Each structure stands twice: as C-alpha cells, then as structure tokens.
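Everything on this sheet refers to the single structure shown next.
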There are 2 protein chains.
Amino acid sequence: MSDLLERLRGRGWRMTAQRRVVAEVLDGEHVHLTADEVHARAAAKLPEISRATVYNTLGELVSLGEVVEVSTDKRAKRYDPNAHRPHHHLICARCGSIRDVHPTGNPLADLPASERFGFTVSGVEMTYRGLCPDCAALV
Amino acid sequence: MSDLLERLRGRGWRMTAQRRVVAEVLDGEHVHLTADEVHARAAAKLPEISRATVYNTLGELVSLGEVVEVSTDKRAKRYDPNAHRPHHHLICARCGSIRDVHPTGNPLADLPASERFGFTVSGVEMTYRGLCPDCAALV
DNA sequence: AACTTGACTTGGACTAAGTCCAATGTAGGA
DNA sequence: TCCTACATTGGACTTAGTCCAAGTCAAGTT
Ligand SMILES: [Mn+2]
Ligand SMILES: [Mn+2]
Ligand SMILES: [Zn+2]
Ligand SMILES: [Zn+2]
C-alpha cells in the first residue's frame, strides 16, 4: 500500500474517498500524469469524482511537498509523486515518454558568480531530450 | 538595425510590415517575451496587427531556428531571439525575471549510460532557480 | 506602371488547461 | 448521534493557443 497515504494521514489530512483514489493513482516510479489522466484513472475507481476535486487535491499535494509539478513540454503540467528523491528528467522528443534520471556532478557549482547576476541561486532543473528506444527504431 | 531582419530577407522571407515589427520587438539580449507581450509591443508600432499574425510569425521564426521557445513556468511560453548562441536560464522565483546564463561543464557527460534507458540523448536544458537581487532585498 | 498570383493577414470561432465559486455533502471530533 | 468546519461538485469563467474562410498585398513578370 502507498506510504503516501500513511504520510498524509499522519499530517492530519482529512481522508475522503476522492483523496484516496487520487493518491492511489499517483503511486509508483516514473509516474508523470497530467491532471486529466489522473482524473480519468481516478474516475475508473470512483466514477463521480469531479475535475475540480482532482485539481484541488493535486494542488494540495504539491503544497505539502508530496508531489512536484513538471512542465516538460508546452502542454499540460505533469504530476510527479517521486518528490522524496530529487531527480531530473529524460524526455522522448517524439512520443513524450519520460524517465526519472540522476545525473552525476553538481550543476550548481557549474554556474560561476559572474553568471549569477547577483541572484541567490537555490536550485536547478535539468531536462534531457532525445529519442526513446522505440522511437529511435522507427527512424 | 537588427541583423535578424537581414538573415530573414536573405532566406527569401517575404517582408511585410507585420513581420518587420515582430522581428524588431524581438531584438536584444535577455529578451524573453510572451506572445501577448510581443503582440502588445508590436501593436504599439502597427496598431492593426492581429494576434493570429503574431502567433504565425513566432511559429515561423521558431521553425527557422531564429527564435527558441522557453517554457519557464507553467504559464505562457516565452520567445527567445538569442538562438544563435545556445544558453540556459536563471529565473527569479518571485518576479519571474529571466537571465541568459552559460554554465561551465558538460551536462551531457554527466548522464551515465545506466541512466539513459536506451535513449539517444541529444540535448539538455538547464533552468536555474533563485531570487533576483531586487526580490532578495524584499525579504 | 499595371498585372498576377501565391503567400500573408485578419477577426472570430473554437479548444485545452486550469481557476473560481456558491451550494451541497460529509469526516471525524464531541 | 449531532455538529460543523472542511471537502466536493457542476458549471461558469479565464487564459493561452489553434484554426479557418475571406480579404489583402509583396514581389516577380510583362
Ligand atoms: Mn520524475
Ligand atoms: Mn534566453
Ligand atoms: Zn519515444
Ligand atoms: Zn525577482
């Protein structure tokens, strides 16, 4: 069972059928669903769940730090439950499939002071682009 | 005068008043305007220019490789005329201001084969996050 | 300079993604 | 069991962007 649900209960989150199915849908590795996909999968288990509730719940999970929003392409945001381990993404330019990746090195150290323009730099996101094995085979 | 216009003319781009003002608006360093901002600035010079033409023109400039789309936050795409020199971005989390940055190092080399999942990796985008000097001073 | 024509522009309708809200329902404590 | 603060809902609304048929015009030809 998802330990996401355990953590949420421990934080005093009021448990409802809707929140439970959303949390269940967001379980697993390499999961990067759009809000609409989350809604479709949640509705398969709880047909009357509304779009508004899915958006509300995703927003709360993001505020709680349990889920991170990923803006991979220019379309819908994706919701990533793998927030407990920081990581970056590798995206297929053709089919859009996404993998979690963990590059070596420290990219923050690669930004010299002369390139910081006085900013206080706190983080960096890396998005690798390429073709997945299936899509590369089609070419 | 913008050498963007020179390059476009050299490529046989039919020159119209609309395309000229869009190209003029997109001149400069650290420029990352939304389509609406481009439209507003273009309309200041050519009041009758339509939103559709701004979108069409931006799309063509992107296809030609003269402008790159940047999806910094989850809101509107931004259009970056600094395409001739590859670079990454540093974004203020509070006010959204964006600077072009050139980190040292080779991030592609930092993704080991075991983290490539069989993908053919062709590029990487890095987005640094932080607070600009003005916003940091407010805290 | 006028002609021609395919490329460009336009306004408005349309779509996708997301937000907002007043009315209704309910989880969980008393 | 009762209460009520919090959660859910449907639908209206907003923002960003796409699409299209009809009108316009840049630039090559005569
Ligand atoms: Mn991820
Ligand atoms: Mn830039
Ligand atoms: Zn693919
Ligand atoms: Zn700022």
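So you know, we letter chains A, B, ... as the sequences are listed, proteins then strands, and number each from 1. Since the structure is predicted, the reported quantities are computational estimates derived from the model, not experimental observations.
Arg19(A) comes within contact range of the sugar-phosphate backbone alone, with a heavy-atom separation under 4.0 Å but no base atom that close.
Residues Asn82(A) and His84(A) bring a donor and an acceptor atom of their side chains to less than 3.5 Å of each other. Remark: the His89(A) side chain and the His87(A) side chain contain an N/O donor-acceptor pair separated by less than 3.5 Å.
Distance CD (Glu60(A)) to P (dT19(C)): 13 Å, rounded to an integer number of Å. Rounded to an integer number of Å, the gap from Leu8(A) CG to dA27(C) P is 17 Å. Here the C1' atom of nucleotide dA27(C) and the CZ atom of Arg20(A) are 11 Å apart, to the nearest Å. Note: CZ (Arg78(B)) to C1' (dA16(D)) measures 13 Å, nearest angstrom. dA27(C) atom P lies 13 Å from atom CZ of Arg9(A), rounded to whole Å. Summarising the geometry, the separation between NE2 on His39(A) and P on dG10(D) is reported as 8 Å, rounded to the nearest angstrom. Between the P atom of dG11(C) and the CD atom of Glu48(B) lies a distance of 9 Å, rounded to the nearest Å. Rounded to whole angstrom, the span from the CD1 atom of Ile49(B) across to the P atom of dC25(D) amounts to 14 Å.
Applying the 4.0 Å criterion to OP1 and OP2 of dT26(C), one finds that Thr16(A) has every side-chain N and O outside that range. Between dG25(C) and Gln18(A), no contact under 4.0 Å exists linking OP1 or OP2 to a side-chain N or O. Residue Thr53(A) has no polar side-chain atom (N or O) positioned under 4.0 Å from OP1 or OP2 of dA7(D).
The Ala76(A) side chain lies nearest to dG18(C) when the options are dA26(D), dG18(C), dT10(C). Comparing atom distances between the Lys77(B) side chain and each of dT18(D), dT10(C), dT8(D) picks out dT18(D) as nearest.
The 5' end of DNA chain C is approached more closely, in terms of each residue's nearest nucleotide, by Asp36(A) than by the other of Asp36(A) and Trp13(A). Toward the 5' end of DNA chain D, the nearer of the two residues Thr57(A) and Tyr55(B), judged by each one's closest nucleotide, is Thr57(A). Each of Asn56(B) and Tyr79(A) was matched to the nucleotide of DNA chain C holding its nearest heavy atom; the match closer to the 5' end belongs to Asn56(B). Where Arg51(A) and Arg14(A) meet DNA chain D, the nucleotide closest to each residue was compared, and Arg14(A) sits on the side nearer the 5' end.
Without hydrogens or angle criteria, Arg78(B) side chain to Ser71(B) main chain gives no donor-acceptor distance under 3.5 Å.
Across every non-hydrogen atom of Val68(B) and Ala83(B), the tightest pair is CG1-CB, 4.0 Å.
Look at Arg99(B) and Glu29(B) and you find no salt bridge, because none of the NZ, NE, NH1 or NH2 atoms lies under 4.0 Å from a carboxylate O.
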